[in-house]
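Every chain is numbered from 1, with letters handed out A, B, ... down the list of sequences. Since the structure is predicted, the reported quantities are computational estimates derived from the model, not experimental observations.
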There are 2 protein chains.
Amino acid sequence: MIRRLSQARERGIPEATVARLPLYLRALNGMAERGLATVSSEDLAVAAGVNSAKLRKDLSHLGSYGTRGVGYDVEYLIYQISRELGLTQDWAVAIVGVGNLGRALANYGGFVSRGFRVAALLDADPEVVGDHIAGLNVEHIDELEAVIRRRGVSIVVLATPAVAAQQVADRVVAAGVTSILNFAPVVLSVPEGVDIRKVDLSIELQILAFHEQRKTDRMTGGPTMAEEWPEAVDL
Amino acid sequence: MIRRLSQARERGIPEATVARLPLYLRALNGMAERGLATVSSEDLAVAAGVNSAKLRKDLSHLGSYGTRGVGYDVEYLIYQISRELGLTQDWAVAIVGVGNLGRALANYGGFVSRGFRVAALLDADPEVVGDHIAGLNVEHIDELEAVIRRRGVSIVVLATPAVAAQQVADRVVAAGVTSILNFAPVVLSVPEGVDIRKVDLSIELQILAFHEQRKTDRMTGGPTMAEEWPEAVDL
DNA sequence: GTCCTTTTGTGAACCGGTGCACAAAGTGAG
DNA sequence: CTCACTTTGTGCACCGGTTCACAAAAGGAC
Ligand SMILES: NC(=O)c1ccc[n+]([C@@H]2O[C@H](COP(=O)([O-])OP(=O)(O)OC[C@H]3O[C@@H](n4cnc5c(N)ncnc54)[C@H](O)[C@@H]3O)[C@@H](O)[C@H]2O)c1
Ligand SMILES: NC(=O)c1ccc[n+]([C@@H]2O[C@H](COP(=O)([O-])OP(=O)(O)OC[C@H]3O[C@@H](n4cnc5c(N)ncnc54)[C@H](O)[C@@H]3O)[C@@H](O)[C@H]2O)c1
């Protein structure tokens, strides 16, 4: 039982913890800007909107970086979390599908700030190919594999229409990319080992609507029993 | 123990289930378009990308809508899920912050399709106010409360810069809205009873980067122990 | 040094959710 | 009507994650 710290760090940061680390990082960056040198788990937890015990347990998975009676060194913790997340290196991102959403993403400054660099924009529409957006030339989707290879793209953002998404995903995966952020409202099927994260606007709104309905039902003493199954239902 | 069905339905659909219902709904709509009348839990589960036992358990929370030996009636299930999610009514959505992202959202057709109607666009920039986007006039943020009241807005989408988000959220909540979809990278603080869902691009990318790093580390037999804490760290 | 205060790191109970596996319920053939 | 087959609905064991609560560690006062 020699490798105490190593044991904690190695091969096993819970997924739920990984998802919160960026939150802590953001809060810490704010604190660093305001000149704070150290922060307690309680304060950091409040800033990140979580419970302080959870925060401490999360951080304990990275190692023992706090000082009892004092708290955590802000700069040091920023470095450790950044390193853990892989933010100390530079990630080349390609955006495929340069429509409404793809353009917004390309123009968004928030990526670059933390190790992510938009390295390529790709689209199938000849009307769009050749456009200059955020200092980048939109290239034709035929160039996909070449662009991924040449620019060392390791993360692809999918912002094509739903029908094209699977087909593009297949090519992207075949080209060796194993991390995809998907905005198209489809369930992508990819081989083992490929990570997909999806952002789905419409699902978020539907979840809000569900709770909103419950809230208003409760007020108005809404229907408690299933009503009759009416005739027509639009899609 | 009289009210079996009611007991199942009433006051208690697990949050995880609610988050999956939109997925099932989407898959079902696809099947309805292709003319399928019934579907087995197995097939629907595959289409939605989940385990079939999970799907059955999820659906059992809404009631007993399947037929053993046959499966589920596609149209009927679409109706039941829609009703449960509150999609049989029309929701007025306001988008606050009509920049890159706000515009993309306003132009997006995917909302309207399922009970959500963009009823207002609001911005603080006089340059933007008055623009016509997707058939809507961009109104000044000063009109926020009046617009929410007059158009019956019950869901607000926040697409302002991070610094403005909390302030806008406070006004939105004060105006009686209890459902917010937040795109700004901040932890919003709102009173009990207000539902916030956040969509955070940057967090998604960071999670992908984490796993990507692990994958490449494993291949190259990367560092197993924490390295030295280097001098400077950029934010 | 001793004592008091602060705050971390974690053991352990708890909780929501997942998935296996199967009885119950339905269909259809003969 | 019976038998073979299909598929749902769910009991139950399990698992990851959350939260409480506290011992252990650190710092400061004297
Ligand atoms: N705009 C939004 O706010 C929003 C919100 C939620 C989800 N989405 C989803 O994001 C995706 C993009 O939305 P959008 O509004 O930007 O759509 P869009 O139609 O404006 O843009 C899609 C772009 O993809 C390109 N494209 C089509 N097929 C392609 C292919 N095979 N390879 C490369 N490029 C291809 C098109 O030329 C077009 O430029 C859609 O799947 C949409 O459902 C968008
Ligand atoms: N564009 C993206 O792809 C993207 C991705 C992730 C997150 N975000 C986040 O979404 C938000 C919007 O991004 P964006 O790229 O559209 O920014 P943007 O600067 O293009 O647009 C912001 C808009 O909000 C308006 N605004 C500012 N203060 C306001 C106020 N008090 N009330 C009403 N409107 C106000 C501005 O006038 C501007 O039109 C930001 O918080 C950003 O961090 C954007």
*Roughly how many Å is it from CG in A:D43 to C1' in C:dT6, rounded to a whole number?*
12 Å
*Starting from P on D:dG9, measure out to CG on B:D58 and report it in whole angstrom.*
12 Å
*Phosphate-side-chain proximity, A:S40 and C:dT7, N/O vs OP1/OP2 below 4.0 Å*: no
*For A:L59 and D:dG17, what is the distance between atoms CG and P respectively, to the nearest whole Å?*
16 Å
_B:Y72 side-chain proximity, nearest of C:dT27, C:dC20, D:dG9_ = D:dG9
_Whole-Å gap separating P (D:dT7) and CG (B:L55)_ = 14 Å
*Would B:Y65 and B:Y72 count as a close aromatic pair, with their ring centres under 6.0 Å?*
no
*Give the rounded distance in Å between these two atoms: CD of B:E42 and C1' of C:dG19.*
13 Å
*When you measure from the side chain of B:K57, which nucleotide among D:dG11, D:dA21, C:dC20 comes out closest?*
D:dG11
*asked:* Within the supplied structure, the quantity of interest is the number of heavy atoms (other residues, nucleotides, ligands) at a distance under 6.0 Å from B:K215 NZ; does it exceed 12?
replied: yes
*asked:* Below the 4.0 Å mark, does D:dT7 have OP1 or OP2 next to a side-chain nitrogen or oxygen of B:Y65?
replied: no
*Can a donor-acceptor pair under 3.5 Å be found between the side-chain atoms of B:K54 and the base atoms of C:dG17?*
no
*Expected output: side-chain B:W91 to main-chain B:V118 donor-acceptor under 3.5 Å*: no
*Cut-off 3.5 Å, side chains only: do A:S41 and A:R56 have a donor facing an acceptor?*
yes
*Heavy atoms under 4.0 Å, any strand shown: does A:A16 hit a base, just sugar-phosphate, or nothing?*
sugar-phosphate
*Donor/acceptor link under 3.5 angstrom from B:R68 side chain onto base of D:dT7*: no
*How do A:P14 and B:G66 order along DNA chain D: which one's closest nucleotide is nearer the 5' end?*
B:G66
*Under 3.5 Å, is there a donor-acceptor pair linking the side chains of A:S179 and B:E212?*
yes
*Short side-chain N/O contact from A:N51 to OP1 or OP2 of D:dC20, under 4.0 Å*: yes
*In whole angstrom, what separates B:R56's CZ from C:dC20's P?*
10 Å
*Length of the CZ-C1' vector between A:R20 and D:dG17, whole Å*: 8 Å
_Residue mapping more 5' on DNA chain D - nearest nucleotide basis, A:E15 or B:S41_ = B:S41
